[in-house]
Amino acid sequence: REWIILWRIISTMETQVSNGPTANSLPNGPVVSTNGSTDDSKTNLIVNYLPQNMTQEEFKSLFGSIGEIESCKLVRDKITGGFLFLNFSGILTEIKWESTKRNPLFHSQSLGYGFVNYVDPNDADKAINTLNGLKLQTKTIKVSYARPSSASIRDANLYVSGLPKTMSQKEMEQLFSQYGRIITSRILVDQVTGISRGVGFIRFDKRNEAEEAIKGLNGQKPLGAAEPITVKFANNPSQKTGQALLTQLYQTAARRYTGPLHHQTQRFSSPSLLPRFSPITIDSMTSLAGVNLTGPTGAGWCIFVYNLSPEADESVLWQLFGPFGAVTNVKVIRDFTTNKCKGFGFVTMTNYDEAAMAIASLNGYRLGDRVLQVSFKTSKQHKA
DNA sequence: TATGATT
């Protein structure tokens, strides 16, 4: 057997509902009017840009200060129970998920938004006037009426890449607004320079509007742009894959165990002597219980790895680079349609000397029948 | 197949 099961993960990652009888119903408790129909449109609010660490209790307390709440919920990611897999060398390689239960290993993360349904429409109005724009830590919260829940507004979020770096959010909205009503938009920027990464998101009011925008804009060049843009449906952030969770687990462990890791890690100049070591061992795993998973930190040295096989996955990068020190992120670049590796990937390491050692050791390393080329990532260059 | 990017 190649794999052994290390831990049975038991988890519950349901959306929390603080009160009301509607814990397992729609996002918001229905208000039954005198004629028997439900209409939340004047009482039900959506709150966006909440601080990551805000709890359900704090959320309820803040909005409860305005008036009586019929129900409220902070939306969190849904993680089901599953298994962690280690191979015999002690490397965590896979997480598989199954049905839901309690989870001592992962805390589900707030998705940064929630719903509040007031008893009195006047309180909903007051909450918008009082709390919209409120600054909480680094966030400025947005409070607005929630659109009625329906299938037609689901999956209307688009991921856009290849945007000209000069394009503003407003210009992007102008480009997309011909296809429907835009609910939200965003352009991602480099954390250090503040320059656009050429990647953005557009949420339409309706799914069919988003579909039309894909048909009309995917592969098209915006006016004056040199390159065509890619437009596709965005991933749903609440549906984490096992690989994404594995990545998060490694990142959590790498950050938490940076100290001990340095002592445990041996450095080998010869790739053939690579120890099978990863940040997560049985010992360190036991104290991972209850950690809050957070996203990648961004800082570090980015390494380009070329000549990976089409079957390569993230675990091979963890296994190759983990022995050299703190690895915060790995990424295998895959073809969108085939999901096969396009032959290259990226690894982010925290410390320069460890990254340099990894490059010196792994460049030219024979992996199966391929010889890897490993270097610091450079900006995109065309062949002379 | 030689430098991505998923709030």
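First the proteins, then the strands, lettered A, B, ... as listed; each starts at 1.
- Near DNA chain B, meaning a heavy atom under 4.0 Å from it, residues 305-312 of chain A has A:Tyr306, A:Pro310 in order of number.
- By the 4.5 Å side-chain criterion applied to Ile, Leu, Val, Met, Phe, Trp and Tyr, A:Val189 is assigned to no cluster and stands alone.
- Rounded to whole angstrom, the span from the CD1 atom of A:Ile202 across to the C1' atom of B:dT7 amounts to 13 Å.
- In this structure, the nucleotide among B:dG4, B:dT6, B:dA2 sitting nearest to the side chain of A:Lys377 is B:dG4.
- The aromatic ring of A:Phe344 does not sit over the base of B:dG4, since the test of centres under 5.5 Å and planes under 30° is not met.
- Summarising the geometry, the separation between CZ on A:Phe201 and P on B:dA5 is reported as 11 Å, rounded to the nearest angstrom.
- Atom-to-atom, CD of A:Glu227 to C1' of B:dT3 comes out at 15 Å; the value is rounded to the nearest Å.
- The nucleotide whose nearest atom lies closest to any side-chain atom of A:Arg186 is, among B:dT7, B:dG4, B:dT6, B:dT7.
- The number of heavy-atom neighbours closer than 6.0 Å to CD of A:Gln52, taken from other residues, nucleotides and ligands shown, is above 12.
- Both the sub-6.0 Å distance and the 45° axial angle are not jointly satisfied by A:Arg370 relative to the ring of A:Tyr365.
- Atom-to-atom, CG of A:Asp335 to P of B:dA5 comes out at 11 Å; the value is rounded to the nearest Å.
- A:Phe346 and A:Phe344 have perpendicular rings, their planes meeting at more than 60° on a 0 to 90° scale where under 30° would count as parallel.
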Which is it for A:Glu173 and A:Lys170 under the salt bridge (Lys or Arg N to Asp or Glu O under 4.0 Å) test, yes or no, and what are the steps along the way? CA-CA 5 Å; A:Glu173 284 201 9; A:Lys170 199 169 185 178; over 6 Å; no

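- Between A:Arg197 and B:dT6 there is a side-chain polar atom (N or O) within less than 4.0 angstrom of OP1 or OP2.
- Surrounding CZ of A:Phe376 are more than 12 heavy atoms belonging to other residues, nucleotides or ligands, all under 6.0 Å away.
- Nucleotide B:dA2 holds its C1' atom 12 Å from the CD1 atom of A:Ile333, rounded to whole Å.
- Per the geometry, NZ belonging to A:Lys142 stands 13 Å off C1' belonging to B:dT7, to the nearest Å.
- For the pair A:Leu372 CG and B:dT3 C1', the interatomic distance rounds to 15 Å; values are reported in whole Å.
- A donor-acceptor contact under 3.5 angstrom links the side-chain atoms of A:Lys232 to the base of B:dT6.
- Residue contacts for A:Lys340: at a heavy-atom cut-off of 4.0 Å it reaches no nucleic acid atom on any strand shown.
- The CG atom of A:Leu158 sits 16 Å away from the P atom of B:dA5 (whole-angstrom rounding).
- Between the side chains of A:Glu58 and A:Asn53, not a single donor N or O lies within less than 3.5 Å of an accepting N or O.
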